[in-house]
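The shown structure was predicted, so the numbers you read here are calculated from the model rather than taken from an experiment.
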Amino acid sequence: MIYSQSDVLDYVREEDVKFVRLAFCDVFGTQKNVSVMTSELERAFDNGISVDASAIPGFGGNVSSDLFLRPDASTLQLLPWRPSHGRVIRMYCDVLKPDGSAFENDTRAILRRVSESARRERVGCRFGTEYEFYLFLTDEHGDPTIIPHDRAGYMDIDPLDRGVNVRREICLTLSQMDIFPESSHHEEGPGQHEIDFRFDTALRAADNAVTFRSVVKSVASGSGLYASFDPKPLHGEPGSGLHVNISLFDPSTGTDANNSVQEAFIAGILDHIREITLFLNPIDSSYRRLGRSKAPRHIAWSRGNRSQLIRIPEAAGQYRRFELRSPDPAANPYLAFALLTAAGVDGVRRGLTLCPPSDIDALDRSSDTASLTLLPQTLAEAAGAALSSEFVNGLLPGRLIESYAKAMR
């Protein structure tokens, strides 16, 4: 259900809501929030709630430190793990400058802007995510260890899979928040799990991804566990990926995009992928994952081949899509979806021709991959490609790009 401002005000009166979490993300995709009493909600809608930007990574320094959070009523969600008496709701917020204009480093606003621009080009994008993560034991103080919760393997069942009830609670909690996972299972690594989601609009898919990570961590903590979205938390074990499924449609008709648009869109992503990898794989351990355990390291595509960067699964109708396999769970989904959308639309605008598919096993070191270009192999290489990219610098604010490069240094 899509709520309006008046719907939210009615809801808090009728449902015994006492606290409102005003949520947003820093430039790295880490969720932040400030809680207000419901008595402050109208003020939040009208003028926003002030926050100290100097304390938020990538948001600013001490000189110009005031920013305002204005809730997006359409994102209203009840937090089901909070008490039923004196309920708590959460809304994602627009981040505004004191004059009411959009804050340039608000990555949610960047995604909205890019999506609207794509629709003007008659390219609509829906995103579906496949998130992998690890569950680790905690010590006697509740601090995380690197001891996996179990020693199960791919799609094992209980009792080998000790995380089955944790995944169940995650999925049920998300369902109570109108976020519906398609499937869940144990992954290859010990204590590693995957939960997949049905496609949605770019903004809703990114909102849901941020909510998902919060729910996973909360449910895991309630079970005495620690949930890790690190791309490579264990040496010698599979890394965790964020596979991004993209389906295209014509927003003016609602029908699927034709083959030429899809091919040009994929070609645009392949053309820009090196420049945007910093934002899809933003931390050092991201690069210890690539090239291992079905995580691609070459820039190529294929049909059904999981060793390639982009694969087109065998699917028809509403499930027709392509899958990008390099991103990992450390990525800010707002930035990731914005950059992928813009790269694809650039390919459509320029009428790029998709290169021939690569049907080799690119992860087999004995395969001939000499003709294939490599993704950046280190965080420093990825940062260099982003900093020197006209495409990235034309799309993202300089301060935001520098925040990523500075974090890397």
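- A salt bridge does not link Glu116 to Arg119: none of the charged side-chain nitrogens sits closer than 4.0 Å to a carboxylate oxygen.
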Q: Report the C-alpha distance between Val219 and Trp81 in whole Å, list the side-chain angles of each, state the deciding distance to 0.1 Å, and finish with yes or no for side-chain contact (heavy atoms from CB on, under 4.5 Å).
A: CA-CA 9 Å; Val219 171; Trp81 61 87; over 6 Å; no

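- Contact check for Glu187 versus Tyr154: side-chain heavy atoms found under the 4.5 Å cut-off.
- Judged purely by atom type and a 3.5 angstrom limit, Thr129 has no side-chain atom pairing as donor or acceptor with the backbone of Tyr131.
- Between Glu323 and Arg325, at least one side-chain N (NZ, or NE/NH1/NH2) sits under 4.0 Å from a carboxylate O, which counts as a salt bridge.
- The backbone N or O of Ser326 sits less than 3.5 Å from a side-chain atom of Arg289, completing a donor-acceptor pair.
- Across every non-hydrogen atom of Ser115 and Ala202, the tightest pair is OG-CB, 3.7 Å.
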Q: Check the pair Ser228 / Asp230 against side chain to side chain donor-acceptor pair (under 3.5 Å), numbers first and verdict last.
A: CA-CA 5 Å; Ser228 172; Asp230 189 292; 5.3 Å; no

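- Aromatic ring pairs are classed by plane angle as parallel below 30°, tilted from 30° to 60° and perpendicular above 60°; the pair Tyr226 and Phe136 is parallel.
- Looking at Trp301 and Leu309, their side chains never come closer than 4.5 Å, going by heavy atoms from C-beta outward.
- Looking only at atom types and distance, the side chain of Ser214 has no donor-acceptor partner in the side chain of Gln31 under 3.5 Å away.
- Side chains of Arg311 and Asn305: a donor-acceptor N/O pair is absent below 3.5 angstrom, by distance only.
- Donor-acceptor pairing under 3.5 Å is recorded for the side chains of Asp72 and Ser74.
- The existence of a salt bridge linking Asp46 and Arg70 is excluded, since no basic side-chain nitrogen approaches an acidic carboxylate oxygen closer than 4.0 Å.
- Under 3.5 Å, the side chains of Thr211 and Arg90 contain a donor-acceptor pair of N or O atoms.
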(Q) Pair Leu248, Asp256 - check side-chain contact (heavy atoms from CB on, under 4.5 Å), show working. (A) CA-CA 6 Å; Leu248 305 177; Asp256 288 348; over 6 Å; no

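- Between Pro313 and Arg320 there is no side-chain heavy-atom pair separated by less than 4.5 Å.
- Checking side-chain atoms of Asp158 against main-chain N and O of Leu160 turns up no donor-acceptor pair under 3.5 Å.
- A 4.5 Å side-chain heavy-atom check between Ile269 and Leu340 finds at least one atom pair inside the cut-off.
- Of the charged side-chain nitrogens involved, none lies within less than 4.0 Å of a carboxylate oxygen, so that Asp66 and Lys97 do not count as a salt-bridged pair.
- Asp106 and Tyr334 are not linked by any side-chain donor-acceptor pair at a separation below 3.5 angstrom, with hydrogens and angles left out of the test.
- Counted by atom type alone, Ser240 and Gln192 present one or more donor-acceptor pairs between their side chains at under 3.5 Å.
- Interatomic distance, Asp200 CG to Ile179 CD1, rounded to the nearest 0.5 Å: 9.5 Å.
- Judged purely by atom type and a 3.5 angstrom limit, Ser285 has no side-chain atom pairing as donor or acceptor with the backbone of Arg288.
- For the side-chain hydrogen bond (donor to acceptor under 3.5 Å, both in side chains) condition, the pairs that include at least one residue of residues 140-153, sequence neighbours left out, are Asp150-His186.
- Remark: Lys18 engages Asp16 in a salt bridge, criterion side-chain N to carboxylate O under 4.0 Å.
- Without hydrogens or angle criteria, Thr138 side chain to Pro144 main chain gives no donor-acceptor distance under 3.5 Å.
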Q | ring pair (Phe, Tyr, Trp, His ring centres under 6.0 Å) assessment of Tyr404 paired with Phe279 | A | CA-CA 8 Å; Tyr404 272 76; Phe279 307 97; 4.8 Å; yes

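- Under a 3.5 Å cut-off, the side chain of Ser403 and the backbone N or O of Arg399 do form a donor-acceptor pair.
- Under the 4.0 Å criterion applied to side-chain N and carboxylate O atoms, Arg350 and Asp346 are assigned as salt-bridge partners.
- Applying the salt bridge (charged side-chain N to carboxylate O under 4.0 Å, His left out) definition to pairs two or more places apart or across chains, those involving residues 239-250 are Arg122-Asp250.
- Taking the six-membered ring for Trp and thresholds of 30 and 60 degrees, Phe337 and Phe127 have nearly parallel ring planes, at less than 30 degrees apart.
- We find the CZ-CG distance between Phe199 and Asn245 to be 10.5 Å, quoted to the nearest 0.5 Å.
- The side-chain tip of Lys232 does not point at the ring of Tyr134 from less than 6.0 angstrom away and within 45° of straight on.
- Here the side chains of Pro282 and Asn332 are not in contact, with every heavy-atom distance at 4.5 Å or above.
- With a 4.5 Å cut-off on side-chain heavy atoms, Gln262 and Leu354 do not count as touching.
- Relative ring orientation between Phe212 and Phe197 is described as perpendicular, the plane-to-plane angle rising above 60° on a 0-90° scale split at 30° and 60°.
- Checking side-chain atoms of Tyr287 against main-chain N and O of Asn281 turns up a donor-acceptor pair under 3.5 Å.
- Atom CG of Leu396 and atom CG of Leu335 lie 6.0 Å apart (nearest 0.5 Å).
- Using a 4.5 Å heavy-atom threshold, the side chains of Ile246 and Leu324 count as separate.
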Q.
Evaluate Lys217 against Phe229 for side-chain contact (heavy atoms from CB on, under 4.5 Å), listing each step before the verdict.
A. CA-CA 9 Å; Lys217 287 185 173 291; Phe229 289 95; 4.0 Å; yes

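- When the shell of 6.0 Å around CD of Glu42 is examined, it contains 12 or fewer heavy atoms from other residues, nucleotides or ligands.
- In terms of modelled atom types and a separation under 3.5 Å, the side chain of Asn208 and the main chain of Ala205 share no donor-acceptor contact.
- Here the CG-CZ distance, from Leu111 to Arg204, works out to 13.0 Å after rounding to the nearest 0.5 Å.
- To the nearest 0.5 Å, atoms CE (Met91) and CG (Asp207) are separated by 12.5 Å.
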Which atom pairs, donor and acceptor, lie under 3.5 Å between side-chain atoms of residues 377-388 and protein residues at least two apart or in another chain?
| unit_1 | atom_1 | unit_2 | atom_2 | d |
| --- | --- | --- | --- | --- |
| Gln377 | OE1 | Arg297 | NH2 | 3.3 |
| Gln377 | NE2 | Leu375 | O | 2.7 |
| Thr378 | OG1 | Glu381 | N | 3.0 |
| Glu381 | OE1 | Gln377 | N | 3.0 |
| Glu381 | OE2 | Arg274 | NH1 | 3.3 |
| Glu381 | OE2 | Arg274 | NH2 | 3.1 |
| Ser388 | OG | Gly384 | O | 2.9 |
| Ser388 | OG | Ala385 | O | 3.4 |

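- Seen from the ring of Phe19, Arg21 does not count as a face-on cation partner, given the 6.0 Å and 45° thresholds.
- For the pair Arg126 and Phe249, the cation-pi criterion (under 6.0 Å, within 45° of the ring axis) is fulfilled.
- Between the side chains of Asp178 and Gln77, no donor-acceptor pair is found at a separation under 3.5 Å.
- Between Ile110 and Arg113, the closest side-chain pair of non-hydrogen atoms falls below 4.5 Å.
- Between the side chain of Ser286 and the main chain of Ile283, a donor-acceptor pair closer than 3.5 Å is present.
- Within a 6.0 Å sphere centred on CZ of Arg349, other residues, nucleotides and ligands contribute more than 12 heavy atoms.
- Atom OG of Ser223 and atom CG of Leu225 lie 5.5 Å apart (nearest 0.5 Å).
- For CG of Leu374, the number of neighbouring non-hydrogen atoms (other residues, nucleotides, ligands) closer than 6.0 Å is greater than 12.
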